[in-house]
Amino acid sequence: MLEKKYDHKLVEESKYSKWLEAGYFKSGVRGSEPFCIVIPPPNVTGRLHLGHAWDTTLQDIIIRYKRMDGFDALWVPGMDHAGIATQAKVDGKLREEGLEPRSMDREDWLKHAWSWKEEYAKNIREQWGVMGHSLDYSKERFTLDEGLSKAVSTIFMKLYERGLIYRGERIINWDPAAKTALSNEEVIYKEVKGNLYHIKYYFENSDEYITIATTRPETIFGDVGVAVNPDDERYKNIVGKKVLVPFINRVVPIVADDYVEADFGTGMLKVTPAHDQNDFEVGRRHNLENLLCINDDGAMNDLAADFSGMDRFECREKLVEMIKDKHLEKIEEITHSIGHSERSNAIVEPFLSKQWFVKMDHLAQQVLDFQNTEDKVNFVPKRFEKTLTQWMENVHDWCISRQLWWGHRIPAWYKGDDVVVSVECPGEGYVQDEDVLDTWFSSALWPYSTLGWPDNLDEKYFPNNCLVTGYDIIFFWVSRMIFTSLEFTEKKPFNDVLIHGLIRDKQGRKMSKSLGNGVDPMDVIEEYGTDSLRFFLATSSAPGQDLRYDEEKVAATWNFINKIWNASRFVLLEESEEKELSISDKWILHKMNLTIEKVRKHMEKYEFNIVGTELNNFIWNDFCDWYIELSKVERNNKILRLVLTNILKMLHPFMPYVTEEIYQKLDSDTESIMISEYPKKTKEFAFPKEYLELEEIKDVIVKIRNIKSELEIPKGFGIINNLENSEIINKNKEIFEKLLKCEMVNESNLDKCEVTFGRGSVVVCYEAEEDNNKIEKLVQEKEKLEQSISKREKLLANEKYVANAPKEIVEMDREKLKIEKQKLADIIKEIK
RNA sequence: GGAUGAUUAGCUCAGUUGGUUAGAGUGCUACGUUGACAUCGUAGAGGUCACUGGUUCGAGUCCAGUAUCGUCCACCA
């Protein structure tokens, strides 16, 4: 017997370790056809947040469903070393301990980083366990483990051999705090208030000058020219002349270049090729020198003369102050967007630097071509395929080297000008590149590197069947997995991509540390249990839509589980026995069949919100409100148990714990619900005739309850049992009496009210109280009916409608019109 | 500037290829402790589907445009 009240803590306490010990999560044991999902690896930087919980819950639902449905299900766990993010955290921790990380020995530092990793990996595994995730831990991987490192260097070398990777001097985004290059995707642009300084550049040996507007006066030390638009009439005559850079008096030429917009600022641009992407290109077109004037830590270098060693922003202020009289024309306040490092939040310095890049044109084109084939990767919802192609059409080369310690060391060796790409040292005198690869480089190989590529890829599980992730990383991650996979395995990495949105707080704001509105899934679980949280996360939004976290909805889910719990208590009151099927039994079995069919259909399409609604309706409305009530008239324990069992199975992927608990109570001989068979629709349970008949009974009961409430009929009313009543009433006397709490009588002198339904009518007799509103109510209903009738008559008079609309619909309208007319006649009679 | 999503009941959201009187949860109102559940039951009120046109016998759904909010990308010397 179950406890009187559902207690999530008690129910969820020890089940996970039992499943784990029994080996239910292991792949290659049950089922034949493979079904594989590889988890998006969380960063080993901290605790899992609600977004992770959502993402992984969806995966666990899919995996549990497939496992029960006879597949050999494999869900691969794993984590990401998260280069810059983890390095920043480890450095922070070391500094707290009074150590200066950058002056440590690289190997020593790495030891600290690995112990950090072990600690956080343990936390993450614990959280997965609390959330009930059925991951096959025997296959767990880490992006920096031996096998994955081999995959990374193999890909690097192959890309190099194929000419898809190169080393070059380019303007990259430099993080002066972390002292590393960043990819464009790691730069976050924010609107900031700033100044536009209008600065005078004098001609050589002259008092005449031109005025240039710049937001970054401190970069004048890197100035090598001034550019104007070739079509700008104002400046045509000065192109080719030379001006002096303020303060340092460097002589630089005025050049004409299309990039310059005549309308912006003064229509003149100072050219600083080493600190701006566009200037770099202008400089290249006009053979200008590249002069770096800022160091890798954001301080000015020797070119800045007196300002050498000063921070770039301090230099800006001081310099403007010093040139104020002679060179500053005015300062204009503007709002512009400034790039910040995603991790350190430092203002990014565009920086000329030698880095490794992946050449993107061929790889991106390959994705575009592949997505035009029948074999393409299917996104759910489909519209995200457009997001992918849009990205692929607008890619730029990918900067993959990072000046960090935590990551895959670049397999490149240098000796003088000689560059050799190789894992092993190619010979004496060669020195390995100090840098590591962008974290996303290893993540890009995740679907196959985790399955043994390159040495022994487990082809049974590849391509993966499904990937689940948020739309925010379609480019960073999904697209990169697709192009590396197409290029190196010659297969797509996965068949389906299920995309979900972002999780937001109750006001619809993004959850973030700075707002402090984040919710720890473990806190929610403490209060409402894993099952409630999972069901809420999986069923509260449509695929691809954002989700607002709403505690009230989690609480509502708890109530739903409590309802299931109590229904189960009712079922468990008596033992099972053989019995002939009643109309109610046949009705619920047929309805169950219909539900199984719908649930399966929507499970296959990852439409868990619809599955949730279907199950909620079936369980709460059909099973609890009707079938259990009908069971109080005539009880069939075998069917009660059978339907409940199927309900539990369909719910199990969503609520693994409570379903296991009740399942074990229903049948103590069974091993576990998680390896039981997922319900299938069967002909044996198809009873369309009885189903319709009971639907009609329900309809009559609801109509009588309706009238009862409307006319304020007190308890203990009667239904007249005579030949004029439909057969349906007489045949199911007990059902009506029990569910309506009324009596079937032969005749009565009391007030009467006729209730019509599909195939007949029934007379309710009752002791009427004075009701002055009765006539008013009837008149109201009459008006409503008349309106509806006139609308329908008009519709049916429309020849085009009758000709074009489907026959069933026209027929239905005719039928309805007939019923409405009958009702109207009844009401008119009653009013009189 | 480009792309994309949202706009439906007080609130949070569903609404499949156009087709009954547009649904759910929550909240609200009235009544009710009948042999699992008051964390419950029965019934009810509540919507000009953002706006303007168009296509159609028929539009929440399709097309064009407008407005408001959000997200991503690019750019801003």
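All values below were derived from every heavy atom in this structure, side-chain atoms included, with hydrogens, water molecules and symmetry-related copies excluded. Sequence lines set the chain letters: A, B, ... in the order given, protein chains first and strands last, and positions in each chain run from 1.
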| request: Please determine, for G65(B), whether a Watson-Crick or G-U wobble partner exists with both distances under 3.5 Å, and give it or none. | output: C51(B)
| query | Looking across every strand, which nucleic acid part, if any, lies under 4.0 Å from W391(A) by heavy atom: base, sugar-phosphate, or nothing? | reply | sugar-phosphate
| said: Is it the case that over 12 heavy atoms from other parts of the model lie below 6.0 angstrom from the NZ atom of K818(A)? | reply: no
| request: For T215(A), answer base if it contacts any base atom (sugar-phosphate contacts may also be present), sugar-phosphate if it contacts only those atoms, and nothing otherwise; contact means non-hydrogen atoms under 4.0 Å. | output: sugar-phosphate
| query | 5'-most contact on RNA chain B: D550(A) or V802(A), nearest heavy atom basis? | reply | D550(A)
| said: Can you build the contact string for nucleotides 4-9 of chain B? Use B for base contact, S for sugar-phosphate-only contact, and - for no protein heavy atom under 4.0 Å. | reply: SSS---
| message | If you go through the side-chain atoms of E614(A), does one of them form a donor-acceptor pair with the base of A24(B) closer than 3.5 Å? | response | no
| message | Would you say K4(A) places a side-chain N or O within less than 4.0 Å of OP1 or OP2 belonging to C37(B)? | response | yes
| query | So which nucleotide does G44(B) pair with, by the Watson-Crick or G-U wobble rule with both distances under 3.5 Å? | reply | C28(B)
| task | Consider only side-chain N and O atoms of D223(A) and T272(A), and report whether a donor and an acceptor are under 3.5 Å apart. | result | yes
| field | Closest listed nucleotide, where the reference is the side chain of K816(A) and the choices are A36(B), U71(B), U20(B) | value | U20(B)
| said: Tell me whether E333(A) at atom CD has more than 12 heavy atoms from other residues, nucleotides or ligands lying less than 6.0 Å away. | reply: no
| task | Select base, sugar-phosphate, or nothing to describe what R509(A) touches, counting heavy atoms under 4.0 Å on all strands. | result | nothing
| For U71(B), the Watson-Crick or wobble partner whose two distances fall under 3.5 Å | A3(B)
| Nearest to the side chain of Y801(A) - A74(B), U34(B), C57(B)? | C57(B)
| remark: Closest of U20(B), A14(B), A74(B) to the A542(A) side chain is A14(B)
| note | When rounded to whole Å, the CG to P distance for the pair N798(A) and G19(B) reads 18 Å
| query | Hey, is the side chain of N706(A) poking within less than 4.0 Å of OP1 or OP2 on G44(B), counting only N and O atoms? | reply | yes
| request: Under a 3.5 Å limit for both distances, which nucleotide forms a Watson-Crick or G-U wobble pair with A36(B), could you say? | output: none
| field | Residue pair D257(A) / Y259(A), side-chain donor-acceptor N/O under 3.5 Å | value | no
| task | Determine, for F570(A) and K632(A), whether the Lys NZ or Arg CZ falls below 6.0 Å from the six-membered ring centre while staying within 45 degrees of the axis. | result | yes
| query | At under 4.0 Å between heavy atoms, what does N559(A) touch on the DNA or RNA strands: base, sugar-phosphate, or nothing? | reply | base
| request: For nucleotides U21(B) and G60(B), find the distance between their C1' atoms and express it as a whole number of Å. | output: 15 Å
| request: Using atom OH of Y6(A) as one end and atom P of C37(B) as the other, report the distance to the nearest whole Å. | output: 18 Å
| Charged N to carboxylate O under 4.0 angstrom, E552(A) versus K506(A)? | yes
| query | Is there a Watson-Crick or G-U wobble partner for G18(B) with both distances under 3.5 Å, and which nucleotide is it? | reply | none
| Do K816(A) and S788(A) have a side chain donor and acceptor closer than 3.5 Å? | no
| request: With heavy atoms under 4.0 Å as the rule, sort K510(A) into base, sugar-phosphate or nothing. | output: sugar-phosphate
| said: Roughly how many Å apart are U48(B) and A43(B), using the P atom of each and rounding to a whole number? | reply: 25 Å
| message | Tell me whether the side-chain N/O atoms of R548(A) come closer than 4.0 Å to OP1 or OP2 in C13(B). | response | yes
| query | Between C57(B), A43(B), G25(B), which nucleotide gets closest to the side-chain atoms of A556(A)? | reply | G25(B)
| request: Name the residue closer to the 5' end of RNA chain B, choosing between F570(A) and A213(A) according to the nucleotide with the nearest heavy atom. | output: F570(A)
| request: Kindly say if N394(A) contacts the phosphate of A74(B), meaning a side-chain N or O under 4.0 Å from OP1 or OP2. | output: no
| note | Winner on side-chain proximity to Y259(A), out of C75(B), U42(B), U26(B), is C75(B)
| query | Across the strands shown, which category fits T272(A) at heavy-atom distances under 4.0 angstrom: base, sugar-phosphate, nothing? | reply | nothing
| message | Please name the nucleotide paired to C13(B) by Watson-Crick or G-U wobble geometry with both distances under 3.5 Å, or report none. | response | G23(B)
| Pair assignment for A77(B), Watson-Crick or G-U wobble, requiring both distances under 3.5 Å | none
| task | For E820(A), look at atom CD and say whether over 12 heavy atoms of other residues, nucleotides or ligands are found less than 6.0 Å away. | result | yes
| task | Please determine if R383(A) forms a cation-pi arrangement with Y471(A), meaning its NZ or CZ atom is less than 6.0 Å from the six-membered ring centre and no more than 45° off the ring axis. | result | no
| note | Between CD1 of I338(A) and P of C75(B) the distance, given in whole Å, is 13 Å
| When you check the phosphate oxygens OP1 and OP2 of A36(B), does a side-chain N or O of K5(A) lie under 4.0 Å from one of them? | no
| request: State whether W620(A) places a side-chain N or O below 4.0 Å from either non-bridging phosphate oxygen (OP1 or OP2) of G41(B). | output: yes
